[in-house]
Student: 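Take this structure, written in structure tokens, and hold onto it; I'll ask about it next.
All values reported here derive from a predicted model rather than from experimental measurement.
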Amino acid sequence: MTDAHFYDHVFEVARQVPVGRVTSYGAIAKFLGVGNWSRKVGRAMGMLDGVQPPVPYQRVVNSQGLLTGGTEGIERRKELLAAEGVTVIGDKVQDFKTVFWNPSQELNY
């Protein structure tokens, strides 16, 4: 599978994360059948410039509920998540288990 093809799959899953919920890089990788590729999912999420339709990148966090990326990006993600009703304190999503959306349980592919 080419990187571009893999990224398209990642983006499609990320687009399905409901407003007010979050998922993780690892959960997306596992859903796509490549459970050890969470870093590659993270890399895909960093390649969103110009991707259409837009991908709600703010809804994809690490497995501990932490926002990752540069400081500027984290601040923007906090704003976007707050607007969706997700509480982030410091760099961590609060009530992570409650707002976590697992594509392996929610999507039927």
Side-chain angles (χ1 to χ4, degrees):
M1 177 182 318
T2 66
D3 280 354
H5 188 67
F6 177 74
Y7 291 177
D8 287 341
H9 287 294
V10 169
F11 301 156
E12 185 56 34
V13 174
R15 286 185 186 107
Q16 296 183 62
V17 180
V19 172
R21 306 285 299 277
V22 298
T23 194
S24 69
Y25 305 110
I28 291 175
K30 183 175 180 181
F31 174 75
L32 294 174
V34 287
N36 59 339
W37 284 16
S38 57
R39 286 186 182 183
K40 194 163 186 170
V41 171
R43 190 173 308 120
M45 298 306 292
M47 306 296 278
L48 294 172
D49 204 24
V51 171
Q52 291 298 323
V55 177
Y57 66 94
Q58 72 275 11
R59 298 180 194 152
V60 184
V61 300
N62 82 5
S63 63
Q64 304 303 310
L66 293 171
L67 306 184
T68 57
T71 304
E72 201 172 287
I74 288 174
E75 290 306 312
R76 179 67 181 140
R77 291 173 73 193
K78 283 182 188 179
E79 292 169 8
L80 292 168
L81 286 169
E84 295 182 0
V86 176
T87 304
V88 178
I89 298 176
D91 295 342
K92 185 169 177 53
V93 172
Q94 300 302 292
D95 300 316
F96 182 60
K97 289 182 180 179
T98 303
V99 298
F100 184 75
W101 180 84
N102 187 340
S104 293
Q105 295 175 348
E106 301 292 337
L107 297 177
N108 295 318
Y109 279 73

Student: Please report the closest heavy-atom contact between P56 and A14, naming both atoms and the distance.
Tutor: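 Scanning both residues completely, I find the closest heavy atoms to be CG-O, 3.3 Å.
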Student: For the NZ atom of K97 and the CG atom of N102, what is their distance to the nearest 0.5 Å?
Tutor: 13.0 Å
Student: Assess whether atom CZ of R39 is packed by more than 12 heavy atoms of other residues, nucleotides or ligands within 6.0 Å.
Tutor: no
Student: In Å, rounded to the nearest 0.5 Å, how long is the span from OH of Y57 to CE of M47?
Tutor: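 Result: 16.0 Å between the selected atoms.
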Student: Would you check, one step at a time, whether the test side chain to side chain contact (heavy atoms under 4.5 Å, CB included) holds for L67 with L81?
Tutor: CA-CA 11 Å; L67 306 184; L81 286 169; 3.8 Å; yes
Student: Going from CD on E79 to CZ on R76, what distance comes out if it is rounded to the nearest 0.5 angstrom?
Tutor: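 Here the rounded value is 5.5 Å.
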Student: Within a strict 4.5 Å, meaning less than it, do heavy atoms of the V61 and L66 side chains meet?
Tutor: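 Not touching, per the 4.5 Å side-chain cut-off.
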Student: Evaluate the side-chain proximity of K40 to D3: yes if any heavy-atom separation is below 4.5 Å, no if none is.
Tutor: yes
Student: Taking the side chain as C-beta and beyond, is there a heavy-atom pair between F11 and P53 under 4.5 Å?
Tutor: no
Student: Is there a side-chain contact between M45 and V55 (heavy atoms, below 4.5 Å)?
Tutor: yes
Student: Any side-chain heavy-atom pair from T23 and F100 closer than 4.5 angstrom?
Tutor: yes
Student: Given R21 and V86, is the side chain to side chain contact (heavy atoms under 4.5 Å, CB included) satisfied, shown in steps?
Tutor: CA-CA 7 Å; R21 306 285 299 277; V86 176; over 6 Å; no
Student: Please check if V93 and V19 belong to a single hydrophobic cluster, counting links between Ile, Leu, Val, Met, Phe, Trp and Tyr side chain heavy atoms closer than 4.5 Å.
Tutor: no
Student: Under 4.5 Å between side-chain heavy atoms, counting indirect links through other Ile/Leu/Val/Met/Phe/Trp/Tyr residues: same cluster for V51 and L80 or not?
Tutor: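 Yes, V51 connects to L80 through the hydrophobic network.
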Student: Same cluster or not: I74 versus V41, using hydrophobic residues (I, L, V, M, F, W, Y) connected whenever any side-chain heavy atoms lie under 4.5 Å apart?
Tutor: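 Different hydrophobic clusters.
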Student: Do V22 and E84 touch side chain to side chain, with heavy atoms closer than 4.5 Å?
Tutor: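 Side-chain contact under 4.5 Å: no.
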Student: Using modelled atom types only, decide if a donor and an acceptor are shared between the side chain of E106 and the backbone of S104 within a distance under 3.5 Å.
Tutor: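 No; zero donor-acceptor contacts below 3.5 Å.
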Student: Could you check whether atom CD of Q64 has more than 12 heavy atoms from other residues, nucleotides or ligands sitting under 6.0 Å from it?
Tutor: no
Student: Do the side chains of L32 and F6 get nearer than 4.5 Å, heavy atoms only?
Tutor: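 Heavy-atom side-chain distance check passes, below 4.5 Å.
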Student: Check the pair R43 / V10 against side chain to side chain contact (heavy atoms under 4.5 Å, CB included), numbers first and verdict last.
Tutor: CA-CA 10 Å; R43 190 173 308 120; V10 169; over 6 Å; no
Student: Can you tell me how far OH of Y7 sits from CG of L48, rounded to the nearest 0.5 angstrom?
Tutor: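 It is 10.5 Å, given to the nearest 0.5 Å.
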Student: Is there a chain of hydrophobic side chains (I, L, V, M, F, W, Y, each step under 4.5 Å between heavy atoms) that links V60 to V88?
Tutor: no
Student: Is a donor on one side and an acceptor on the other found under 3.5 Å between the side chain of R77 and the backbone of D91?
Tutor: no
Student: Find out whether Y25 and T68 are in side-chain contact, i.e. whether some heavy atom of one side chain is under 4.5 Å from a heavy atom of the other.
Tutor: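 A side-chain contact under 4.5 Å exists here.
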Student: So, the side chain of K30 versus the backbone of S38: is there a donor-acceptor pair under 3.5 Å, distance only?
Tutor: no
